[in-house]
Structures are given as C-alpha cells and as structure tokens.
There are 2 protein chains.
Amino acid sequence: MPITLQDVAQKAGVSIKTVSRVVNEEKNVAEETRHQVLQTIQELGYVPHVQAQRLASGKTRSIVLHFPLSDPGLFSNLIGMDFITGVALAAAKEDYYFSLMTGSLTSGGLIKLCRGAQADGLILMQITVQDWRVEFLRENKFPFVMHGRCANNDGLSFIDLDFEHAMMEAYAHLTSLGHQHIGFLTYPEEWRVKGLGPAVHTLQGFRAAVKKFNVTSPYRECQQTVERAYWATRSLLKENPRITAMVTVHNTQAVGAITALQELNRKVPEDCSIVGVLVGNEGELIIPPLTSIEYSSHEIGHQVAEMLIRKIKETSPGPEQILVRPELKLRRSTAPAPR
Amino acid sequence: MPITLQDVAQKAGVSIKTVSRVVNEEKNVAEETRHQVLQTIQELGYVPHVQAQRLASGKTRSIVLHFPLSDPGLFSNLIGMDFITGVALAAAKEDYYFSLMTGSLTSGGLIKLCRGAQADGLILMQITVQDWRVEFLRENKFPFVMHGRCANNDGLSFIDLDFEHAMMEAYAHLTSLGHQHIGFLTYPEEWRVKGLGPAVHTLQGFRAAVKKFNVTSPYRECQQTVERAYWATRSLLKENPRITAMVTVHNTQAVGAITALQELNRKVPEDCSIVGVLVGNEGELIIPPLTSIEYSSHEIGHQVAEMLIRKIKETSPGPEQILVRPELKLRRSTAPAPR
DNA sequence: CTGAAAGCGCTTACAG
DNA sequence: CTGAAAGCGCTTACAG
C-alpha cells in the first residue's frame with residue numbers, strides 16, 4: 001500500500017536512483033527530469049520511509065535529550081519545560097527529530113543509545129564535577145554536548161550558567177540598597193555532596209560575594225519546597241534578627257521565605273527584601289513580584305541543541321564552551337534597607 | 001566496527017536467525033544454544049541496530065506526542081511539563097521510544113508522520129470541537145489517541161478532564177460557604193471561538209452551576225496573564241461590588257486577581273475567597289495557598305500514553321474514553337462569606 | 001546527467 | 001529446535 005521509490009521510478013520512467021536524487025535535492029539532475037519526477041511524487045503522494053533512509057545512510061537525523069527525573073525537584077519544572085521546548089524547536093528548525101529520555105541513565109542504557117544507532121547525538125544534563133557518562137561517550141566517540149560542566153572540560157562542548165556571576169549580581173544589588181545582613185537559602189546539601197554544578201558553583205559565588213561586599217550572610221542548605229524554605233527562613237531570622245534581605249535559588253524557596261516573613265510581621269520589601277537567583281521567569285507569579293537574577297531557559301535549550309547539531313555535522317571548528325550571564329530583573333520585592 | 005548479528009552468529013557457530021531468536025526472547029531455542037549465544041553477545045558487546053529492526057519489522061516501537069507551542073499560553077507550562085513527563089515515563093515503561101513534536105502540525109507534516117513510518121502512533125492535544133487532524137488520521141487508519149475530545153467521539157479514544165464537573169465543584173464549595181456573588185475569570189474568547197475544549201466545556205459547566213446553585217456570577221473571558229486578570233478583576237469588582245468570591249482557571253489569573261483584591265483592600269480569604277479550577281498543583285506556590293479543583297497532569301500523560309500503546313498493540317477491546325473528575329483541594333484562599 | 005548493483009542489519013515466512 | 005532465502009526501502013560507490 002505505501003508508495004516507494006520503486007513505484008515513483010516506474011511511473012516516471014526513470015531509475016530509483018534518479019528519484020532518490022530528486023528527493024534529496026542533489027545536483028546533476030536535468031531540469032526536465034526533475035520536474036517530471038516531482039510531479040509523479042506529487043501524484044502518488046510519495047513520502048520517504050524514514051527508517052529505510054536511516055538504515056541505508058547510517059544517519060538518524062535525530063538527537064536525544066536525557067532529562068533525568070530521578071530527582072524531580074532538581075530543576076524547577078517551569079524552567080525544565082522552557083528548556084525542553086527550546087531544544088525541540090531548535091531541532092525542528094534544523095530538520096532533526098527530537099527524542100526525550102527520562103529516568104536514570106544506566107551504563108547499559110548509554111551503550112544501547114550509542115551502539116544501537118538510536119540517535120546521532122546526545123544532550124546531557126545534571127552534570128557532576130566528575131561524570132562517568134562524559135568519559136564513556138568520549139571513549140566511544142559519540143557526539144554529545146552538556147548543559148552544565150565538569151571540573152575538567154578540556155575538549156568538551158557545553159553551555160552553562162555563570163552561577164558565580166549571578167551571586168555577585170544579587171549581592172551587588174542588595175548592598176547597593178544598603179543591606180548588610182543578608183540571609184541565603186541555597187541548594188540542598190546532597191546536591192553539593194554529589195558534585196552537582198549549581199550547588200558547587202553557587203556556593204563558590206556566594207563566598208566570593210560575601211568577601212567582596214563585606215557583608216554578614218548566614219546561609220542554609222535547603223530542599224526546594226515551600227515548607228522547608230519556610231522553616232529555614234524562620235531559623236535564620238531567629239538566629240540573626242538583623243537580617244534585612246534574603247537570597248533564594250528557587251521559586252518555592254522564595255514563596256516559603258515570604259510566607260515566613262509575613263508571619264513574623266515583616267513586610268516584603270519594606271522590612272525585608274528578597275532576591276531570587278536563577279529562578280527562570282517565574283518571579284512574576286509571586287506576590288510581590290520577585291526581583292531576580294534570571295535568564296532564558298528556552299534560549300539555553302535552543303543553543304545547546306544547535307551546538308550539538310553543529311557537532312554532529314562537524315561544522316564547528318572545535319569544542320564550544322558558553323557561560324551564560326544571568327541578568328538582574330528588577331521587580332517589586334527589593335527596597336532600600338530599613339532605617 | 002559495530003558488532004552485527006552476523007558477527008555473533010559466526011562466533012557462536014549458529015545461524016543469524018538463531019541469534020535473532022535469542023535476542024528477541026522467542027521460544028523454541030534449546031537452552032544450551034541460548035546460553036552459548038547469550039555469552040557470545042556478552043563477550044562481543046552486541047547491541048541490536050534499532051533502525052534495522054524498524055525497517056525489517058515495520059514497527060518503530062516509538063510514539064510521538066504533538067505538543068503545539070504556537071500558542072504558548074494555551075497550557076500552563078507547569079502542567080505541560082508534568083504531562084510530558086507522564087507520557088515519557090509510560091512510554092519508557094512499555095519499552096517504547098518517545099518523540100516530542102512541537103510547532104503547528106500542517107497537513108503535510110501529518111502525512112509525513114503517517115506515511116514516513118516515523119512512529120507507530122500519535123498523541124494529539126488541543127483538540128477542537130471539529131478537528132481536521134482527527135478525520136485525517138482516521139481515514140489513514142493511523143493509531144492515535146486524544147488528550148481532549150471532539151463534538152462527536154464515536155469510535156475515538158480519548159482522555160479528557162471533566163470541566164463541567166470541575167465547575168460544579170467550585171460553585172458547590174463556594175455556595176456552601178455562603179457566597180452568593182461570585183466573579184468568574186474564564187478562558188480567552190479566541191479559545192471559545194476556535195472551539196477548544198477547555199473553553200467550551202468550562203462555559204457549559206459554569207452555566208449549569210449558576211443555574212443549579214442560583215447565584216449571581218458575572219464573568220470575563222480573559223487572557224492567561226497576571227496583567228489581564230488584574231484588570232478583569234478590577235472591572236468585575238467595580239461593576240459588582242457585592243462579589244465575595246472569585247473563580248479562576250489559571251494560576252496567572254489567580255495571581256492577578258489576588259493582586260487586584262489586595263490593592264482594593266480586600267483581604268484574601270477574609271473579604272474575598274478565591275478558587276482555582278484545573279490549575280494543576282501550582283496552587284501551593286501562591287500566597288495564600290490556593291484552594292483548587294485539581295488533578296494530576298502527570299497521571300493523565302501516563303494514561304494517555306498507555307492508552308495509545310494498547311491501541312498500537314491492539315490489546316484494547318475498542319475505543320476507550322476516560323473523563324477525569326478533578327477534586328477539590330482545600331488550601332487557604334477560601335473562607336465563609338463575610339457577614 | 002543517469003543507472004545497475006551491492007548492501008545497510010535486521011525480520012518474516014517457510015522449510016526441514 | 002534450527003536455518004537458508006528473500007526482502008524491508010532506501011543510499012553508497014561506481015560505471016558510463
């Protein structure tokens with residue numbers, strides 16, 4: 001029932017190779033022949049069989065994004081969605097198929113992906129400082145790019161956020177408003193222990209910022225839930241009543257902090273300012289709208305996919321490494337320090 | 001370089017058909033032979049070539065979800081993410097690959113998808129009352145299921161939300177608290193005009209609820225942004241000062257409404273209650289936490305994928321039609337009517 | 001500019 | 001329980 005190259009060739013009175021040339025827009029086809037074949041394709045409603053193309057050519061024209069959900073709180077869902085659609089749109093633009101893998105990636109799964117010719121390349125997330133997947137893919141010479149970075153990135157392509165810079169921006173903004181005592185809720189301890197980039201780099205940036213701006217800044221490593229952030233904030237304020245500003249790294253943390261502040265009769269931002277670091281664009285869904293150091297997760301997804309496709313096509317000169325600088329977005333949760 | 005069936009067969013001293021049998025766990029292989037082959041596979045690190053399997057068998061073992069982003073506000077991103085991960089996990093569980101298509105689906109795109117053998121089945125979203133895609137797929141006998149439903153669903157498989165029931169629940173809850181004047185922000189006018197399910201069914205449910213509970217309930221069709229909801233709420237309250245409760249159908253609307261109420265010095269929930277209808281589980285990220293009629297978008301994604309796979313395998317007896325009843329989740333944004 | 005042949009790595013259908 | 005043959009629908013490499 002389905003129409004094949006064979007059918008088209010027969011009806012058009014040419015060889016299948018010629019039809020193939022037309023379909024793939026190769027040069028060296030007489031204009032007249034081209035027209036004739038094109039018309040036959042139209043009449044018959046011919047559509048190339050993707051799987052056959054893939055087997056014969058050895059290329060799948062597809063990329064896969066491994067988006068681990070083992071730890072669902074790891075990325076804000078909203079940010080995740082924007083990222084995924086960024087990847088999807090970039091892939092579509094380059095005429096690549098896009099597959100999504102969730103769940104944890106075992107070494108067996110990775111072997112299947114590479115050797116089974118499921119895709120031409122892979123996007124990796126949740127990169128740890130030392131990452132076995134990176135070594136594996138490198139050895140197998142399978143094209144991949146990272147959203148994140150390792151300790152040693154020689155020869156690797158990645159795009160990552162400049163967490164250090166983000167923290168600098170947050171503290172620069174708050175100190176410029178006169179805040180000297182700033183509470184900080186950061187990523188959970190396990191993240192840091194696992195060597196996950198956001199936790200590691202954010203803490204480094206935090207230390208550098210505290211030093212540079214010479215502020216008092218007690219902090220808590222905190223799960224990304226409203227509840228945990230609520231209690232962490234209460235604990236911080238109890239021990240450090242002079243705090244006039246808070247920095248958080250997740251929207252749930254911001255909500256928990258605001259809730260705690262309100263209960264303590266501290267108005268935001270009059271009595272206490274609050275800044276979200278790398279919370280995506282969710283800040284405007286918080287009341288009051290959250291001043292944030294933010295970036296476009298969609299844009300990053302788009303870029304990482306394009307980077308991978310360049311790598312697959314080998315049109316990139318060498319490894320590409322991009323560090324995105326998030327920017328301060330002023331909303332209504334920050335104000336000059338009281339007094 | 002890559003290991004093929006041929007290589008395994010040769011080394012194990014059997015035919016490739018036998019190796020194929022072992023790989024596919026078919027019956028009728030001598031236990032001894034099986035062992036021998038399995039060991040050789042292990043030694044050689046053989047992994048089946050997915051594209052070859054697909055071409056030869058005529059099955060791709062993959063499904064595609066068409067998630068249109070042409071109208072990015074159409075679904076809340078958070079809900080979308082949960083839905084997608086639900087689909088992804090269900091597909092993985094059944095050992096199916098999962099591809100995501102975004103962007104608008106042209107008739108050409110749909111033809112390619114079906115005839116090009118890209119996937120074994122398709123999940124459709126944003127179903128309109130009359131949907132050309134449904135007709136097309138039906139005629140081409142391509143397996144698909146819908147997240148949503150048409151006007152006439154004879155012979156079709158779908159899973160959808162019971163919007164009518166959701167509205168009933170919202171009004172039942174508010175009237176039980178003594179509210180008689182209830183403002184309502186619903187989906188934008190264009191949605192209704194296009195015949196999109198949520199808009200159409202919600203409005204039907206709204207009318208039924210107003211009648212049943214005999215309340216005054218002015219409403220506005222409203223874009224899903226904080227800003228629009230803010231102004232719509234102000235307009236509603238200006239014209240109807242007796243309103244003591246609001247119903248919204250999106251988290252941005254809830255945020256806009258709360259902001260407007262606060263500016264008018266109406267405390268939530270003491271002076272004005274607010275209920276979110278079908279806002280996913282985002283209600284807890286709002287201050288105060290939003291009482292909602294909600295459901296698990298993840299669960300729906302999971303179910304719709306399973307439904308499709310049953311359809312592909314033809315293990316389902318006939319068309320399956322599921323209407324999910326969302327449930328009231330009490331949080332802190334509703335209270336008895338003032339006085 | 002065009003085509004006949006071989007082959008991509010599997011599965012299907014049949015035979016024994 | 002096992003295997004030899006044909007074929008899935010294309011592309012590659014070569015020849016003319």
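Naming: A, B, ... by sequence-line order, numbering from 1 per chain.
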* Structure fact -> Scoring nucleotides 8-16 of chain C by protein non-hydrogen atoms under 4.0 Å (B base, S sugar-phosphate only, - none) yields BBBBB----
* Lys/Arg N to Asp/Glu carboxylate O, B:Arg310 vs B:Glu320, below 4.0 Å -> yes
* How about B:Ile300 and B:His147: do any of their side-chain heavy atoms sit closer than 4.5 Å? -> yes
* Asked: Taking the six-membered ring of A:Phe144, is the NZ or CZ of A:Arg133 close enough (under 6.0 Å from the centre) and on axis enough (within 45°)?
  -> no
* **Spacing of NZ belonging to A:Lys11 relative to CD1 belonging to A:Ile3, to within rounding of 0.5 Å** => 9.0 Å
* To do: Check the surroundings of atom CD in B:Glu26: do more than 12 heavy atoms from other residues, nucleotides or ligands lie under 6.0 Å from it?
  => yes
* Asked: Counting heavy atoms not belonging to A:Gln39, are there more than 12 under 6.0 Å from its CD?
  -> no
* Asked: Are any of the side-chain nitrogens in A:Arg149 or A:Asp160 under 4.0 Å away from the carboxylate oxygens of its partner?
  -> yes
* Asked: So does B:Arg61 pair up with B:Glu94, basic N to acidic O under 4.0 Å?
  -> no
* Asked: Can you tell me if the side-chain N/O atoms of A:Ser15 get under 4.0 Å from OP1 or OP2 in C:dT2?
  -> no
* **Structure string for DNA chain C in dot-bracket form, Watson-Crick and G-U at under 3.5 Å, | interchain** => |||.||||||||.|||
* Asked: Starting at CG of A:Asn28 and ending at C1' of C:dG3, how long is that distance when rounded to a whole Å?
  -> 14 Å
* To do: Among D:dG3, D:dT2, C:dG3, find the nucleotide with the atom closest to the side chain of B:Ala30.
  => D:dT2
